[in-house]
Amino acid sequence: MKLDLKPLLNPEQYEAAMHHQGPLLILAGAGSGKTRVITHRIAHLHVNLGVPLERILAVTFTNKAAGEMQERVRHLLHGLGAGERGSPTLSTFHALCARFLRMYAEQAGLDPRFSIVDDDDHLALLKRAIVSLEIEATPEVVRGASNAIDDAKNRGLDPDQLEEEAIGARAEEDARIYRAYQLELRRNQSLDFGDLILEAVRLLRSHPAVRRQTQRRWVYLMVDEFQDTNPVQYELLRLLCGEERNLVVVGDDDQAIYRWRGATVRNILDFEADFPEARIVKLERNYRSTQMILDASGAVVAPITQRREKTLWTEQRGGERVQIFTGHNSREEATWVARGIQRAAMRGIDYDQCAVFYRTNAQSRQIEEQFRAQGLPYQIVGGVSFYARSEIKDLLAYLKVALNPANSLDLRRIINVPRRGIGDKSLDRLDALAASLGPDATLYEAIGLIAQATLDDGTFKGKQLEAFRDLYQLLEDLRRDILAGVPPSVIAAAVIDRTGFVAWLEQTEPQSAEDRKQNLWELVAAMQDFEREAEAQGQPATLVDFLERSALVQQNDTVHGDEPEARRLQARPITLMTIHAAKGLEFDAVWVVGVEEGLIPLLRERDRDAPDRMDKLDEERRLLYVAMTRARKQLALTNAKVRRLYGKEQLAWPSSFLGDLPPQTLEVSRESAERDLLWGKPPAQRSGGDFDELSQLPADDDPGVDPNPHRRRPTLQAIQERRTTLHAALQAAAPAPTLRRQARPRAAEEPPAAAALQTDLFALRRPTPAPPPEPEDDTPRVVYDDDDLAAAPPLRRGARQRPEAPEDEDLVGRTASHTREGFGTITAVAGDGDMASVTVFFPSSGRELTIKKRYLKIY
DNA sequence: TCGTCAATTATTTTT
DNA sequence: TAATTGACGA
């Protein structure tokens, strides 16, 4: 069956999707259907041109994007009845490189069981490296070296090359630290994120045979979010596509928001320099937003000089104006957002089509508080990653060490967790012992010597010796299990059981033990999911693969409020996330909070004089652009005059970027504390955007600011300090203020009186009044008087309810625990209900027992 | 060696 | 605000 793309795509999309060979740059504006182009091109190559799917490689940055593309390609091909013949490789840069390096571990000079270190491990290792050079590991040194190393890896430099280009003592020191750090990594048989790409590049460069093999394997290359590539990633792409130069890149320089991670817009701006024969297609037709939203957001990036000119257009003429709201404080801002969402819901926009974006995670707290107070269901995307939680890292550390005994970093982590009486002193002696065994000896080997009593000098005895023996025995058992192919979930459960992890949690952290236990079981459940998935694909579920996934998947788990689980699952929640996390998503209605100077753009004092400050400012513009272009129909930008952050009140003023928005696209909310569209400066002066502008003054009626900009040009910090002091003085001088009741938003018709503004400010310094009582019923509370709100939208049943009480035939393969026998895997079931006879294999004892179901805990 | 309590301090974005 | 670090006593 032939696939005719013509009726499916617009002319530009069609041109891009029909592209056959050679380099192509697709400049895809926000919402212009780039994923559609990529998936249709894959289908076209396969169905019309007979390209085997295995020859196609598409690289993305996030697992989310890779997964989505996978799904869409599968769906598209399935619809054409062409889905059964293999599948293209759709992967992230990092996952691709990790697999590649394990495959060619020998040529790359690596142990195929190498561990991948996350950011925390990276810092720990870095500190050790710094100390090993007898340099004091102050936060500045660590941060500086970390940045230098990251930057070097992003540019593809090794320690020697970094040293060569180093100017000054500081840079030379960084290079030396880089060298020592690499040594630490090597000793631990570990790679960090940067190494994954860099080592892959080195391997391809130095091994022509591997390179040829790889180039033959993938003939058609596509890269999504090309604007986010850094120089090494770019180099990797060039090596992958080889002489054929058969490379299609899709990107939007206006959405480049990862410069700080080494991404360089240059890659997209100068693509033709490297590929002079490249075709370029611009996708400017937007299928997502109203013209109003496009006009407003376009104005934010328009002042950027280094950019590919694009003008988005849509057939959705008109649309609602962008709402602008200024709250007296950040709590009021949150209240207004909550109310706005309830209004949107009245107009038929589901909660799960509403999103709130903020610049920093810390801002989510206040939004949460309001949502909780008003009974709005929400989910937070991002935040502390599941895999960054200490109990999860502990458990995984056991598995990582068992797999890769050279991983001393993780061994250190667990050597005394749970407490087994091996303290700092013992660890020092263990280090000394390892050092005496030779330069390449590992901690694990040293422990082995002690445990097997090969060492008989009496350094360790009694309880300590016992502790070492237990630990060693445990790890050896795990190693054996891994080799024997015992499923990861069973191994993990055995660790929890044999270390007494749960009891330790309950004893040391009684308040959070419940949560942490939940997390542990969630990890075991994640492993089981993984095992089922692998089984479905007919592949073995190996621990290496699971660990790799856990290291590379930034699980966007949802951190929920303290609402009861059942209630939370009932409604499709509103999404709260950082702007970065929002890239690639879209919602009917979007609220961007904290559109303030200092937050958007986020500026810190030390950036003031940075040579690249203009670039940073441009990136902040793009960030706001990304946030705004997520909205389909409705968009609001909010800020506050006083912001509570880190437990402190700080005065704030509207972002200078707001001054670039065309007034005819805006509408200031009637409830706003600031009614004026001219945020304290005439429009003529407003556009450029420079750091000096920051020290210029905000609205005249803001307290605490010298109204004469010529008198001095204080630093950002000085301004804030001065404002805060004056603010405090004002407060001290005032008669006892009346406290305003909290969290009862005023009716929409009643804008805050001028007098209320003052008391409002004062109220901030007082202890917060008791929070409003939790609503008892399940419906969202109606918080203001509008009649039309009385009919609040019904909460819908959520889609992702976890299956409870599994059907009996589902039990086989699951993990079960028994009070005496510990953890095991279910191998058979007879009968049903609580009295069913369940046969369980317990790896710790090697026994298989049949036990009544009611005596088992099943996970 | 371990647990408690006080002090300190850092606050961006993430594969 | 919250999370981490450091000192101290058991």
Side-chain angles (χ1 to χ4, degrees), chain A residues 59-66 91-98 116-120 122-123 137-140 142-143 150 153-154 191-197 224-225 228-230 232-233 256-263 357-366 369 381-385 387-388 390 415-428 463-464 467 504 507-510 512 548-556 577-583 594 598-607 616 619-620 622-624 626-627 643-650 768:
Chain A
V59 190
T60 63
F61 274 86
T62 65
N63 296 287
K64 199 162 53 177
S91 175
T92 66
F93 272 103
H94 296 271
L96 180 74
C97 289
I116 299 172
V117 302
D118 63 17
D119 274 354
D120 292 345
H122 156 80
L123 283 180
T138 62
E140 296 78 52
V142 176
R143 201 185 52 226
D150 252 16
K153 288 187 175 178
N154 287 337
L191 299 182
D192 65 16
F193 289 135
D195 284 341
L196 288 174
I197 317 282
D224 193 16
E225 308 281 13
D228 290 336
T229 48
N230 65 37
V232 216
Q233 288 163 338
I257 55 174
Y258 285 102
R259 207 188 68 100
W260 50 275
R261 234 169 63 186
F357 301 153
Y358 35 81
R359 182 62 218 271
T360 68
N361 277 311
Q363 289 169 259
S364 70
R365 180 177 305 275
Q366 287 196 301
E369 282 171 9
V381 174
V384 181
S385 153
Y387 287 103
S390 67
I415 199 162
N416 204 26
V417 173
R419 297 257 180 268
R420 50 172 67 91
I422 302 176
D424 290 346
K425 280 275 154 55
S426 307
L427 197 52
D428 284 349
K463 252 180 70 184
Q464 283 205 318
W504 177 71
Q507 194 205 330
T508 55
E509 313 197 47
S512 63
E548 182 162 304
R549 179 197 285 212
S550 70
L552 296 176
V553 171
Q554 175 68 43
Q555 182 172 330
N556 268 340
M577 60 176 123
T578 64
I579 300 175
H580 281 87
K583 196 171 80 159
L599 229 36
I600 305 178
L602 178 70
L603 297 164
R604 307 222 264 185
E605 189 63 17
R606 67 161 183 266
D607 293 336
K616 286 187 171 163
E619 177 135 324
E620 298 290 323
R622 295 192 289 261
L623 204 49
L624 179 58
V626 167
R643 179 160 299 277
R644 179 158 66 87
L645 209 54
Y646 311 117
K648 261 194 179 161
E649 307 287 356
Q650 284 207 315
T768 336

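In this text the structure is predicted, and so the values were computed from the model without any measurement. The sequence lines fix the lettering, A, B, ..., with proteins before strands; numbering per chain opens at 1.
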### Task
Could you state the atom-to-atom distance from CG of A/Asn154 to P of B/dT14 in whole Å?
16 Å
#### Entry: Residue met sooner reading DNA chain B from 5', once A/Trp260 and A/Glu140 are mapped to nucleotides
A/Glu140
### Query
With a 4.0 Å cut-off, would you call A/Asp150 and A/Arg261 a salt bridge?
no
### Task
Give one of base, sugar-phosphate or nothing for A/Gln464, where a contact means two heavy atoms less than 4.0 Å apart.
sugar-phosphate
### Query
For DNA chain B, whose closest nucleotide is more 5', that of A/Thr578 or that of A/Leu427?
A/Leu427
### Task
Round to the nearest Å and state the distance from A/Arg261 atom CZ to B/dT15 atom C1'.
5 Å
### Message
In whole Å, I'd like the distance from the CH2 atom of A/Trp504 to the P atom of B/dC2.
### Response
11 Å
### Message
So A/Ser426, base contact, sugar-phosphate only, or nothing? Heavy-atom distance under 4.0 Å.
### Response
sugar-phosphate
### Task
May I have the distance from A/Gln650 (atom CD) to B/dT11 (atom P), rounded to whole angstrom?
15 Å
### Message
Over all strands shown, is A/Asn361 touching base, sugar-phosphate only, or nothing at heavy-atom distances under 4.0 angstrom?
### Response
sugar-phosphate
### Query
Roughly how many Å is it from CZ in A/Arg643 to C1' in C/dT1, rounded to a whole number?
15 Å
### Query
B/dT4 C1' sits how many Å from A/Glu509 CD, rounded?
14 Å
### Query
Are A/Glu369 and A/Arg644 ion-paired here, with the side-chain N under 4.0 Å from a carboxylate O?
yes
### Message
Heavy atoms from C-beta onward define the side chain here; which of B/dC2, B/dT14, B/dT15 lies closest to that of A/His580?
### Response
B/dT14
### Task
Look at A/Arg365 and C/dA2 and indicate whether a side-chain polar atom (N or O) is within less than 4.0 Å of OP1 or OP2.
yes
### Task
Report which part of the nucleic acid A/Tyr258 touches: base, sugar-phosphate, or nothing (heavy-atom distance under 4.0 Å, all strands).
sugar-phosphate
### Query
In whole Å, what is the span from the CG atom of A/Asp120 to the C1' atom of B/dT15?
14 Å
### Task
I would like to know whether A/Glu225 and A/Thr60 meet side-chain hydrogen bond (donor to acceptor under 3.5 Å, both in side chains); could you show each step before the answer?
CA-CA 7 Å; A/Glu225 308 281 13; A/Thr60 63; over 6 Å; no
### Summary
Quick note, A/Asn416 side chain, CB onward, closest among C/dA2, B/dC2, B/dT12 is B/dC2
### Summary
Taken to the nearest whole Å, NZ/A/Lys64 to P/B/dT15 is 9 Å
### Query
At their closest point, which heavy atom of A/Phe61 faces which heavy atom of A/Asp228, and how far apart are they?
CZ-O, 3.2 Å
### C1' gap between B/dT13 and C/dT4, integer Å
22 Å
### Task
Could you go through the side chain to side chain contact (heavy atoms under 4.5 Å, CB included) check for A/Thr578 and A/Asn361 one step at a time?
CA-CA 6 Å; A/Thr578 64; A/Asn361 277 311; 3.3 Å; yes
### Query
Choosing from C/dT1, B/dG3, B/dT1, which nucleotide comes nearest the side chain of A/Arg419?
B/dG3
### Shortest non-hydrogen contact from A/Leu602 toward A/Glu620
N-OE1, 3.1 Å
### Residue A/Arg644, side-chain atoms from C-beta onward, closest of B/dT12, B/dT14, C/dT1
C/dT1
### Task
Would you indicate what A/Phe61 reaches in the nucleic acid, counting non-hydrogen atoms under 4.0 angstrom: base, sugar-phosphate, or nothing?
sugar-phosphate
